[in-house]
Protein chains: 2
Amino acid sequence: MGVNLKDIAQRAGVSLATVSNVVNGYRPVGERTRQRVQQAIDELGYSPNLGARHLRRGRTGLIALAVPELTNPYFAELAEIAISEAAALGYTLVMENTAADREAELALLDGSRQRIIDGLILSPVRIGREEVLARTAGSPLVLIGEGVYDVPHDHIAIDNVAASHAAIRHLVAIGRRRIAFIGATPGGDRQSAHLRVRGYREALAAAGLPYRPRLVAGTDAFGRLDGMRAVRDLLALGDPPDAVFGYNDLVAIGALRALAEAGHRVPEDVAVIGIDDIEEGRFTAPTLTTIAPDKREIGRLAVRRLVARIEGAEVAGPLTVQTPFRLLRRESTGTPDADHRSPTSPARSIPPVVRPREDDPRDP
Amino acid sequence: MGVNLKDIAQRAGVSLATVSNVVNGYRPVGERTRQRVQQAIDELGYSPNLGARHLRRGRTGLIALAVPELTNPYFAELAEIAISEAAALGYTLVMENTAADREAELALLDGSRQRIIDGLILSPVRIGREEVLARTAGSPLVLIGEGVYDVPHDHIAIDNVAASHAAIRHLVAIGRRRIAFIGATPGGDRQSAHLRVRGYREALAAAGLPYRPRLVAGTDAFGRLDGMRAVRDLLALGDPPDAVFGYNDLVAIGALRALAEAGHRVPEDVAVIGIDDIEEGRFTAPTLTTIAPDKREIGRLAVRRLVARIEGAEVAGPLTVQTPFRLLRRESTGTPDADHRSPTSPARSIPPVVRPREDDPRDP
DNA sequence: GCACGGCTCTATAACGTTATACAGGTGATG
DNA sequence: CATCACCTGTATAACGTTATAGAGCCGTGC
């Protein structure tokens with residue numbers, strides 16, 4: 001097809017190996033020869049055939065990031081970070097969409113795709129510890145997010161239980177008592193939801209609040225529509241909550257919508273909090289309070305670990321790394337002066353329109 | 001590394017070529033032999049080395065979709081469609097992020113990446129006709145979106161001018177007269193914005209409305225923050241518009257935010273419309289009226305065209321295809337009974353909370 | 001009985017690259 | 001002057017696959 005090493009070699013009047021060395025820097029080449037070769041390369045427009053290089057070297061320079069849905073902004077934002085980090089390390093990152101499909105995840109784990117990528121970063125949702133342990137393919141694997149623990153692979157995630165604690169503590173601190181959790185899947189196959197529910201229950205107990213199963217609403221998936229439906233169903237039962245903790249920001253945004261439709265004011269009647277800190281949550285009405293994982297850290301760490309394994313370096317530190325998170329308070333849980341002092345606080349003077357505290361909501 | 005053809009051949013007691021024929025179906029193989037080979041494949045867990053196959057066949061089965069930003073939901077939604085379409089045709093689609101960077105787009109056009117993918121679907125924003133024409137790499141190229149015309153490549157896009165017309169007609173039909181356009185970049189390098197502005201001006205003229213340059217607000221990029229800032233600046237000038245037409249849904253969502261902060265009611269005081277029909281717009285408060293391109297059609301067509309070219313088929317039909325779009329009326333331009341009858345309509349009885357017409361906002 | 005065609009299967013030459021082994025030449029050192 | 005080390009450059013063998021040419025074998029028709 002294109003221009004190859006042989007063409008360059010002929011043009012420059014040198015051997016194949018010399019051209020390869022110029023391109024590749026494996027062996028030193030004399031200055032005069034190098035220039036002749038470089039000129040030939042520029043004139044003919046040579047670029048190496050990655051397939052052949054792969055065949056010879058055993059590496060492609062390609063790594064994959066597999067996520068359950070491209071349309072979840074959390075993953076899109078993570079992907080942009082990972083792509084630039086990979087580029088900085090000389091790798092190309094390709095995106096894979098598992099669509100939260102078990103077969104797709106399994107295919108990635110030991111399927112044929114493995115032969116063309118040097119390593120895989122996977123956010124598993126439908127497979128568990130056993131499937132990961134049964135993996136036969138040899139290329140390095142880094143897991144991100146929750147769901148699979150105690151496997152001999154690098155694993156980057158936030159502490160979900162602690163994140164839930166932080167969210168509930170915040171809601172309790174602003175005087176909320178009937179706190180709902182939206183997004184607990186009934187099936188046992190999504191461990192992250194279970195971890196977040198566990199944190200929710202523990203934090204309620206720590207605050208001396210009762211655990212009410214009716215306030216925990218399951219969803220099939222973790223999108224806006226799921227959150228909206230779950231909150232609608234919850235409100236239909238009567239006796240509404242005074243706060244909603246969403247499994248993630250998308251679910252929480254769906255909750256905002258359902259609450260607005262039902263005529264509940266946020267945050268006055270119901271406070272809402274999510275997890276992920278997607279950009280969208282800075283523009284909702286009201287803006288969304290959230291637990292913000294350090295996406296930059298997650299993306300960078302995942303790529304760096306993977307590349308280190310690919311290049312065979314001894315990687316220091318534990319396999320599992322928990323990255324930090326922080327609480328970003330926005331309008332959906334009210335401004336500090338609008339907190340419920342107590343369940344029977346007098347004259348809640350909450351302004352009708354809660355203005356953002358920052359002029360630029362890009363990075364509060 | 002892994003198991004290869006030779007291993008299988010030894011195990012099954014046949015030649016390399018026979019195994020290849022079993023895997024590949026290029027030549028018929030006797031039933032007994034086929035079974036022996038298949039058994040060996042299953043036992044050893046063979047999967048072909050794509051690099052070597054590529055080297056030999058000249059094809060990888062990989063196609064790329066390059067978009068200016070992964071975090072724009074429009075592209076994420078398009079990508080999911082394209083990925084499944086590619087899979088149905090036996091290809092793997094990898095995502096590339098140009099980050100709206102000129103160098104990145106040029107590198108994709110004739111850079112080294114080209115050697116590992118069989119074809120490219122590109123949404124250009126920083127390059128124009130000349131750069132595309134200067135392309136030397138040989139693999140097929142399909143352009144999506146706007147910006148580059150009159151080049152010898154397939155090109156899938158909506159009719160931007162017509163889309164703008166539809167948006168403005170709608171705003172005029174509901175009684176709006178001072179219509180702003182948000183998202184016109186000053187530089188000449190983003191032709192789609194120019195096309196949409198042209199449609200805006202033409203439609204204003206057709207409706208007998210004056211063109212007011214002050215109501216056209218430029219932005220650096222096309223995100224929520226850009227829309228918010230542009231509308232803030234516009235409002236700061238005084239004499240606010242009664243409608244805002246956003247370059248895309250993200251810009252329009254930023255506009256919603258700026259309007260809410262400034263205390264303008266949507267749609268009562270200012271109507272807002274965008275383009276793209278991203279899912280997010282079904283959950284904003286108020287929900288966002290939009291011009292919905294047929295993303296499924298765009299994604300499918302782009303992949304099919306590309307694959308047809310890769311496989312050397314004679315592709316019928318014109319190079320440039322304009323896909324359909326439709327207007328989705330939601331709360332941000334009000335319910336039909338709330339239309340402004342005239343600029344001086346008596347007693348606008350607009351309900352304080354505009355409820356959605358549909359129970360399920362997934363697909364109105 | 002022999003040539004021939006059809007059917008399986010095999011041997012092998014690419015594909016473009018990189019790493020190894022080696023060759024030739026030059027300058028320094030003993 | 002001989003030896004050695006070094007520096008450049010070359011020839012070539014892989015890497016794993018697929019397509020081509022061809023080798024056996026068997027049955028059929030003359």
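Lettering follows sequence order; numbering is per chain, from 1.
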Of the listed nucleotides [options], the one nearest the side chain of [X]:
| X | options | value |
| --- | --- | --- |
| A:Pro28 | D:dT8, D:dC15, D:dA11 | D:dT8 |
| A:Leu55 | C:dG16, D:dT17, C:dA19 | C:dG16 |
| B:Ser15 | C:dT17, D:dG9, C:dA11 | C:dA11 |
| A:Asn49 | D:dT18, C:dT17, C:dT10 | C:dT17 |

**Asked** For A:Arg102 and A:Glu131, what are the C-alpha separation, side-chain angles and deciding distance, and is it a salt bridge (charged side-chain N to carboxylate O under 4.0 Å, His left out)?
**Response** CA-CA 10 Å; A:Arg102 183 180 160 80; A:Glu131 288 88 342; 2.9 Å; yes
Side-chain N,O ([X]) to OP1/OP2 ([N]) below 4.0 Å:
| X | N | value |
| --- | --- | --- |
| B:Thr18 | C:dC9 | no |
| B:Tyr26 | C:dT8 | no |
| A:Arg57 | C:dA19 | no |

**Partner of B:Gln39 under side-chain hydrogen bond (donor to acceptor under 3.5 Å, both in side chains), chosen from B:Glu43, B:Arg36, B:Gln35** = B:Glu43
**Request:** Could you tell me whether A:Arg126 and A:Glu105 make a salt bridge, using a distance below 4.0 angstrom between a side-chain N and a carboxylate O?
**Result:** no
Separation of [X] atom [atom1] from [N] atom [atom2], in whole Å?
| X | N | atom1 | atom2 | value |
| --- | --- | --- | --- | --- |
| A:Arg59 | C:dT17 | CZ | P | 19 Å |
| B:Lys6 | D:dT18 | NZ | P | 15 Å |
| B:Ile8 | D:dT18 | CD1 | P | 13 Å |
| B:Leu16 | D:dA21 | CG | P | 19 Å |
| B:Arg53 | D:dA19 | CZ | C1' | 14 Å |
| B:Leu5 | D:dC15 | CG | P | 13 Å |
| B:Asn24 | C:dC9 | CG | P | 16 Å |
| B:Glu31 | C:dC7 | CD | P | 16 Å |

**Heavy-atom closest contact (B:Val3 atom, B:Tyr46 atom, distance)** = O-CD1, 3.3 Å
**Asked** Does B:Arg27 or B:Ala52 map to a spot on DNA chain C nearer the 5' end, using the closest nucleotide for each?
**Response** B:Arg27
**Item:** Sidechain-backbone polar pair: A:His155 side chain, A:Gly145 backbone, donor-acceptor under 3.5 Å
**Value:** yes
**Prompt:** Per the atom types in the model, does the base of D:dT18 pair as donor or acceptor with the side chain of B:Arg56 at under 3.5 Å?
**Reply:** yes
